[in-house]
Asker: 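What follows is a structure written as structure tokens; I'll ask about it next.
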2 protein chains.
Amino acid sequence: MKCAITAFQQEQKKRTRSVQDAMYALNGKWKISIISSICCFGKRRFSDILNDVEGISNRMLSKELKELEINQLVKRTILDTQPITVQYELTEHGNTLQTIISNLAEWGVVHRNKITGKKVESIETSCNEKIDV
Amino acid sequence: MKCAITAFQQEQKKRTRSVQDAMYALNGKWKISIISSICCFGKRRFSDILNDVEGISNRMLSKELKELEINQLVKRTILDTQPITVQYELTEHGNTLQTIISNLAEWGVVHRNKITGKKVESIETSCNEKIDV
DNA sequence: CGGCATCCTTACAGATACTG
DNA sequence: CAGTATCTGTAAGGATGCCG
């Protein structure tokens, strides 16, 4: 009995660690936005992402892109232009994130509506922040 | 053309926000473990969770449970025992998280194996440290 | 253009002690 | 038992400037 519980706990622990590995790869204030930006355009340059992701600083963009690259979610290519430009794109592995992100987005909508007391409409719902350019 | 891109960007921005809402509900070092603990046992008392989740302090447990409760993922019931005990259980909405968590766990395993260079075996695999940097 | 280095301010989380 | 309060170190993140 106690043994069974312990085994289950171990399984839960592994599960937890796996989820945290996943969360760790996505953590940071901007990762999702960055991935969205790149995935939206297929290929994207540093300064383009800087514009896409509202509010991010070049320091943070650089840092989080590097982390994404280390985690093999994003591929970095230096183009031999003058001055040089750098192109980012999702790796194959990065693309597998899209399902996860879709799930999270879907659940996020439900969740937000749950919390704000609104009923589910679509992903188009709620806030109406200003969006320029 | 520019208009279409802008529309797409707006959609991405909403998507991003939705994902962040979801991530926000799950963020914090212990949330997944706490949810796992509760969900594993159905109902669980404060001190039980404190034991289940290895390394957590009562301060953090209290804080994260409160956040989970605010997010309507967890239901808190004060039992009229002597001394009082408090019981936690997942709400219906909290249970919808399990799919998400499974997805993340699954992806986490693949991801860890990708990063560590091992091939996928099962959820039982590999390292017991944080990935990277 | 695409960064890195530096400085600085806050947010987060651990340890410890205390309360109804 | 189930928390709260306080104190403190660390890490995240913003602002700015410099460089190949």
Side-chain angles (χ1 to χ4, degrees), chain A residues 16-17 19-20 23-35 37-38 41 43-71 73-90 133, chain B residues 16-17 20-21 23-35 37-38 41 43-71 73-90 129-133:
Chain A
T16 294
R17 189 163 48 77
V19 177
Q20 284 172 341
M23 298 285 283
Y24 188 73
L26 297 179
N27 91 349
K29 195 170 173 180
W30 311 99
K31 291 232 172 58
I32 306 288
S33 304
I34 293 169
I35 291 172
S37 165
I38 297 174
F41 293 96
K43 299 168 190 286
R44 204 72 177 144
R45 286 178 21 235
F46 186 89
S47 52
D48 291 331
I49 304 174
L50 205 56
N51 285 324
D52 293 342
V53 181
E54 196 173 294
I56 196 172
S57 65
N58 56 355
R59 176 185 178 276
M60 289 311 294
L61 179 55
S62 173
K63 192 181 147 246
E64 304 224 330
L65 275 171
K66 192 181 291 175
E67 289 169 14
L68 289 172
E69 199 193 349
I70 289 171
N71 280 289
L73 301 173
V74 153
K75 179 167 172 258
R76 179 175 181 270
T77 314
I78 303 174
L79 300 181
D80 196 15
T81 54
Q82 184 57 22
I84 59 155
T85 54
V86 181
Q87 198 169 73
Y88 292 91
E89 55 197 308
L90 293 190
V133 183
Chain B
T16 294
R17 190 163 46 78
Q20 283 172 341
D21 287 343
M23 297 287 282
Y24 186 74
L26 297 178
N27 93 348
K29 194 171 173 181
W30 311 99
K31 292 234 171 57
I32 306 290
S33 303
I34 294 169
I35 291 173
S37 165
I38 297 174
F41 293 96
K43 298 167 190 287
R44 205 71 175 145
R45 285 173 27 230
F46 186 88
S47 51
D48 291 330
I49 304 174
L50 204 55
N51 285 323
D52 293 343
V53 181
E54 197 172 294
I56 196 173
S57 66
N58 55 356
R59 177 184 178 278
M60 290 312 292
L61 179 55
S62 173
K63 194 182 146 245
E64 304 221 331
L65 275 171
K66 194 180 289 175
E67 289 169 15
L68 289 172
E69 199 194 349
I70 290 171
N71 280 290
L73 300 173
V74 153
K75 180 166 172 259
R76 180 176 180 270
T77 314
I78 302 174
L79 301 181
D80 196 14
T81 53
Q82 184 56 22
I84 58 155
T85 54
V86 181
Q87 198 168 74
Y88 293 90
E89 55 198 306
L90 293 190
E129 292 173 302
K130 253 198 234 171
I131 295 176
D132 106 24
V133 179

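Protein chains get the first letters and strands the later ones, always in sequence-line order, with residue 1 at the start of each.
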Asker: Please state how far atom NZ in A:K31 lies from atom C1' in D:dG13, giving the value in whole angstrom units.
Answerer: 12 Å
Asker: The side chain of A:S47 lies closest to which of these nucleotides: C:dG2, D:dA5, D:dG13?
Answerer: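 Of C:dG2, D:dA5, D:dG13, C:dG2 is nearest to the side chain of A:S47.
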Asker: On DNA chain C, compare the nucleotides closest to B:E64 and A:V86; which residue's is nearer the 5' end?
Answerer: A:V86
Asker: Of B:L65, B:L73, B:L68, which is the lone residue that meets side-chain contact (heavy atoms from CB on, under 4.5 Å) with B:I38?
Answerer: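 Filter result, single survivor: B:L65.
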Asker: From the set C:dC7, C:dA13, D:dG3, return the single nucleotide nearest to any side-chain atom of A:R59.
Answerer: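 So the side chain of A:R59 is nearest to C:dC7.
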Asker: Expressed in angstrom and rounded to an integer, what is the separation of A:K63 atom NZ from C:dC4 atom P?
Answerer: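 To the nearest whole Å, that distance equals 12 Å.
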Asker: Return the value, rounded to whole Å, for the distance between atom OH of A:Y24 and atom C1' of D:dA11.
Answerer: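 Rounded to the whole Å, the gap is 11 Å.
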Asker: To the nearest Å, how far apart are B:M60 CE and D:dG9 P?
Answerer: 18 Å
Asker: Does the A:N71 side chain pair with the main chain of A:E67, one donor and one acceptor, at a distance under 3.5 Å?
Answerer: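 Yes; at least one donor-acceptor contact below 3.5 Å.
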Asker: Counting heavy atoms from C-beta on, name the nucleotide in C:dG2, C:dC4, D:dG13 closest to the side chain of A:S62.
Answerer: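 That would be C:dC4.
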Asker: So if I take every side-chain heavy atom of A:N58 and compare against C:dG14, D:dT16, C:dA13, which nucleotide ends up nearest?
Answerer: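 My answer, after comparing the listed nucleotides, is D:dT16.
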Asker: Does A:W30 have a side-chain nitrogen or oxygen under 4.0 Å from the phosphate oxygens OP1 or OP2 of D:dA12?
Answerer: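 It does not, given that no N or O in the side chain of A:W30 lies less than 4.0 Å from OP1 or OP2 of D:dA12.
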Asker: Any base atoms under 4.0 Å from A:S57, or only sugar-phosphate, or nothing? Heavy atoms, all strands.
Answerer: nothing
Asker: Any idea which of D:dG14, D:dA2, C:dG3 is nearest the A:K29 side chain?
Answerer: D:dG14
Asker: From the set C:dG14, D:dG3, D:dA2, return the single nucleotide nearest to any side-chain atom of B:R76.
Answerer: D:dG3
Asker: Indicate yes or no for a side-chain donor-acceptor contact from A:S57 to the backbone of A:M60 under 3.5 Å, with no hydrogens or angles considered.
Answerer: yes
Asker: Give the rounded distance in Å between these two atoms: CD of B:Q82 and P of D:dC1.
Answerer: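 Whole-Å distance recorded here is 12 Å.
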Asker: If I take atom CG in residue A:L61 and atom P in nucleotide C:dA5, what distance separates them, rounded to the nearest angstrom?
Answerer: 16 Å
Asker: Starting at the 5' end of DNA chain D and moving along, which residue's nearest nucleotide shows up first, B:K66 or A:I84?
Answerer: B:K66
Asker: So, the side chain of B:E64 versus the backbone of B:K31: is there a donor-acceptor pair under 3.5 Å, distance only?
Answerer: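 The answer is yes, because a donor-acceptor pair under 3.5 Å joins these two groups.
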Asker: After noting the C-alpha distance and the side-chain angles of A:Y88 and A:R44, does the key distance pass the side-chain hydrogen bond (donor to acceptor under 3.5 Å, both in side chains) rule?
Answerer: CA-CA 5 Å; A:Y88 292 91; A:R44 204 72 177 144; over 6 Å; no
Asker: Would you mind telling me which of C:dC4, D:dA2, C:dG2 lies closest to the side-chain atoms of A:F46?
Answerer: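 Ranking C:dC4, D:dA2, C:dG2 by closest atom to the A:F46 side chain puts C:dG2 first.
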Asker: Would you say A:Y88 reaches C:dC1's phosphate, i.e. side-chain N/O to OP1/OP2 under 4.0 Å?
Answerer: no
Asker: Measure CD1/B:I78 against P/C:dG20 and give the value in whole Å, please.
Answerer: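 Taking atom P of C:dG20 as the reference, CD1 of B:I78 is at 16 Å.
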Asker: Could you give the CD1-to-P distance, from A:I56 to D:dG13, as a whole number of Å?
Answerer: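 It is 10 Å, rounded to the nearest whole Å.
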